[in-house]
Number of protein chains: 2
Amino acid sequence: MKGKATSFDIAHLAGVSQSTVSRALRNSPLVNQETRDKVQSIAKQLNYKVDKNASSLRQKSSKTLALLLFEDPTSDDSMINPFFLSMLGSITRASAQEGYDLLVSFQQLSDDWHADYEDTNKADGIILLGYGDYMDYQDKLAKLEQQQTHFVLWGAVDKEHPGISIACDNFQGGYKITQHLIQKGRKHFAFIGGADSHCPEFFERYRGMCHALSQAGASALPIQIDAITTEESGYQAAMQLLSTGQKMDAIVCASDLIAIGVMRALHDKQLAIPQQIAVVGYDNILAASFTNPPLTTVHQNTRLAGEMLVKSLVSLIKGERQQPKLLPAELVIRQSCGAELKR
Amino acid sequence: MKGKATSFDIAHLAGVSQSTVSRALRNSPLVNQETRDKVQSIAKQLNYKVDKNASSLRQKSSKTLALLLFEDPTSDDSMINPFFLSMLGSITRASAQEGYDLLVSFQQLSDDWHADYEDTNKADGIILLGYGDYMDYQDKLAKLEQQQTHFVLWGAVDKEHPGISIACDNFQGGYKITQHLIQKGRKHFAFIGGADSHCPEFFERYRGMCHALSQAGASALPIQIDAITTEESGYQAAMQLLSTGQKMDAIVCASDLIAIGVMRALHDKQLAIPQQIAVVGYDNILAASFTNPPLTTVHQNTRLAGEMLVKSLVSLIKGERQQPKLLPAELVIRQSCGAELKR
DNA sequence: CTGAAAGCGCTTACAG
DNA sequence: CTGAAAGCGCTTACAG
């Protein structure tokens with residue numbers, strides 16, 4: 001036998017028609033048990049595998065999902081946020097569980113989004129993941145929607161924007177962690193991370209924080225300084241913040257990576273964490289439990305998130321209607337939010 | 001126009017044959033510049049995209065690579081080793097750069113390896129990644145080889161086993177880090193991690209260590225305790241090690257995750273790192289720079305590794321012969337290997 | 001430079 | 001329960 005076996009080869013050997021082979025291999029109840037067994041055993045012997053290209057072409061479905069991770073335009077290619085890597089892991093697992101293959105690709109926002117996976121019939125649907133400037137890609141989402149692409153989005157749940165999104169409750173996360181700091185006696189807050197609609201996830205965290213603050217009777221809004229999700233950006237932002245000379249005893253960061261940068265800045269300036277300034281993060285990446293002091297943060301259940309994302313997308317592909325979903329945020333208390341203030 | 005546009009629709013609109021459309025879209029020099037432009041502009045208008053299933057079926061090449069990450073059988077599904085996640089990132093990037101899509105999947109070793117990606121023509125080649133018991137999958141590799149699957153393997157470069165492998169020089173890494181510890185005055189060594197042919201990567205690191213030791217005139221072999229690559233496993237192994245009561249002042253760990261567990265054990269036992277016992281790891285994951293004290297480790301250049309893996313595989317697919325490749329290991333000195341011994 | 005035709009390897013109505 | 005046939009949407013020899 002030269003080259004790979006095809007269903008015709010099997011048909012020939014089994015003495016049946018090729019259509020019957022196809023049916024038998026797909027376990028069609030239409031075909032006689034005996035014939036089916038015979039065909040299947042020959043297929044196994046020949047190490048036959050159905051050609052997915054042919055099958056997908058014919059069925060107009062590839063049983064494949066595509067994961068698009070878009071990255072902060074400014075982040076160097078050195079490192080991807082560990083949080084997304086962890087999401088990637090859980091999405092991979094969830095896809096396999098649902099019987100779908102997973103295509104993975106990173107997108108620089110600058111690219112001419114070649115999210116062609118569905119247009120080219122390589123994937124049946126797309127999962128979109130990543131922080132980044134929401135305004136920049138909003139019209140790309142609209143375009144996807146208009147082309148009737150099946151897709152789900154990780155991030156901010158928002159009725160306004162196109163597509164189904166799954167997200168952790170960022171407002172709740174920001175609220176909870178701030179409330180905790182207030183209980184610990186903190187009074188003067190700063191927030192580091194983009195707090196506007198360009199960054200809806202960060203913005204929600206910020207709004208949650210403000211809510212907790214106003215509930216506690218704080219008069220002033222917290223100081224806020226922009227930063228993207230990198231350690232360096234967090235470091236720079238903290239330096240800028242400190243140079244203002246404003247009084248503060250707690251810094252809420254939009255992500256753990258930012259928080260790690262902030263802690264480095266505070267160490268450089270010889271400010272004690274948490275005695276002088278408490279620092280908290282968001283995401284609960286592995287490194288957060290090893291910082292000095294260990295970082296208090298908000299955990300997002302990536303396993304569950306990946307599952308929801310995949311399941312929703314699969315439902316969408318099957319033509320079912322889907323609702324956006326909001327997952328709870330969990331506070332992880334470690335030492336960086338710390339001790340009571342010494343007055 | 002109902003449904004997606006096909007090359008026939010374009011042919012119709014452009015007033016040429018479908019074959020010409022196909023040629024024009026692939027920029028064939030055979031077709032008249034004018035015709036080509038016309039076809040391409042119509043295609044753009046219709047938002048036409050070639051169907052990859054049809055095209056792959058016809059060309060017998062999918063321009064897709066598959067990445068198979070196999071995991072430690074015992075590791076819970078909670079976490080993938082950050083080192084592999086980082087490899088995954090660089091492989092994704094490298095694939096895109098080479099013009100290939102990337103299919104990602106995790107394999108439990110227990111599974112009936114459905115590495116069917118190439119058999120089903122869904123991928124042109126496979127990248128294999130992961131620690132794990134080498135003996136367990138050796139025959140699977142042999143089978144891949146026998147089926148003439150194109151694949152590259154990350155891990156131990158070894159003439160014996162089937163397939164092309166790319167690896168960091170684990171022997172060199174183990175050698176360098178041990179040598180460094182010897183210079184710092186350490187005398188009594190232990191190694192934590194599987195040191196036998198089931199785990200060729202760890203074994204090489206171990207052998208590098210032994211070489212440095214014997215070169216320095218150490219008489220005895222280091223104590224060695226098995227552990228898989230998880231924090232918990234490292235913790236357990238260290239506890240076991242400490243319970244032996246053996247004299248030691250340096251623990252060399254086969255991975256950072258193991259080292260992190262070992263450090264936790266030493267803290268629990270109130271042993272000062274590095275004053276009483278130095279600890280070093282391997283992989284240079286992000287968390288390693290935040291441990292207390294920061295972990296001395298060996299860095300593997302994942303960006304380069306991903307590139308080599310992808311490039312070698314692509315060459316293999318093109319029918320070129322390939323050689324295994326060995327990348328250098330880089331020592332990353334932090335504080336856990338530490339201060340001079342106080343005597 | 002262009003077109004008509006064959007064929008990649010399947011799945012699935014249609015007819016029996 | 002089975003077979004002959006059509007067709008998924010391309011690419012590429014072949015002929016002109």
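As a basis for the values below, the full set of heavy atoms in this structure was taken, side chains included, without hydrogen atoms, waters or symmetry mates.
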message: For the C1' atoms, the ones on dG16(D) and on dT12(D), what distance do you get once it is rounded to whole angstrom?
response: 16 Å

- request: Could you tell me whether K122(A) and D101(B) make a salt bridge, using a distance below 4.0 angstrom between a side-chain N and a carboxylate O?
  value: yes

- request: Please determine if E307(A) and R303(A) form a salt bridge, counting it only when a charged side-chain N lies under 4.0 Å from a carboxylate O.
  value: yes

Under 3.5 Å, is there a donor on one side chain and an acceptor on the other for [X] and [Y]?
X       : Y       : answer
D51(B)  : N121(A) : yes
S90(B)  : T302(B) : no
S315(B) : S312(B) : no

Taking the side chain of [X] as heavy atoms from C-beta outward, which of [options] is closest to it?
X      : options                 : value
D51(A) : dT2(D), dC1(C), dC10(C) : dC10(C)
Q18(A) : dG3(D), dC10(C), dG3(C) : dC10(C)
T20(B) : dG3(C), dC10(C), dG3(D) : dG3(C)
S7(A)  : dC1(D), dC10(C), dA4(C) : dC10(C)
T35(B) : dT2(D), dC10(C), dT2(C) : dT2(C)

task: Would you mind pulling out the nucleotide paired to dA13(D), Watson-Crick or G-U wobble, both distances under 3.5 Å?
output: none

- prompt: Applying a 3.5 Å limit to both distances, which nucleotide forms a Watson-Crick or G-U wobble pair with dA4(C)?
  reply: none

Nucleotide [N], atom [atom2] - distance to [atom1] of [X] in whole Å:
X       : N       : atom1 : atom2 : answer
D119(A) : dG9(D)  : CG    : P     : 14 Å
N32(A)  : dG3(D)  : CG    : C1'   : 15 Å
K49(A)  : dC10(C) : NZ    : C1'   : 17 Å
L57(A)  : dG7(D)  : CG    : P     : 14 Å
N53(B)  : dG7(C)  : CG    : P     : 22 Å
F8(A)   : dG3(D)  : CZ    : P     : 13 Å
Y48(A)  : dG9(C)  : OH    : P     : 10 Å
N121(A) : dG7(D)  : CG    : C1'   : 15 Å

task: State, yes or no, whether a side-chain contact exists between I10(A) and S7(A) at a heavy-atom distance under 4.5 Å.
output: no

field: 5' priority, DNA chain C, between L30(B) and A54(A) [closest heavy atom]
entry: L30(B)

query: Relative to the 5' end of DNA chain C, which residue comes earlier, K60(B) or V31(B), by the nucleotide with the nearest heavy atom?
result: V31(B)

query: More 5' along DNA chain D: Q33(A) or S19(A), using each one's nearest nucleotide?
result: Q33(A)

- request: Report which part of the nucleic acid S55(A) touches: base, sugar-phosphate, or nothing (heavy-atom distance under 4.0 Å, all strands).
  value: sugar-phosphate

Tell me whether the OP1 or OP2 atom of [N] has a side-chain N or O from [X] closer than 4.0 Å.
X      : N       : result
S17(A) : dG3(D)  : yes
R23(B) : dC10(D) : no
T6(A)  : dG9(C)  : no
R36(B) : dC1(C)  : no

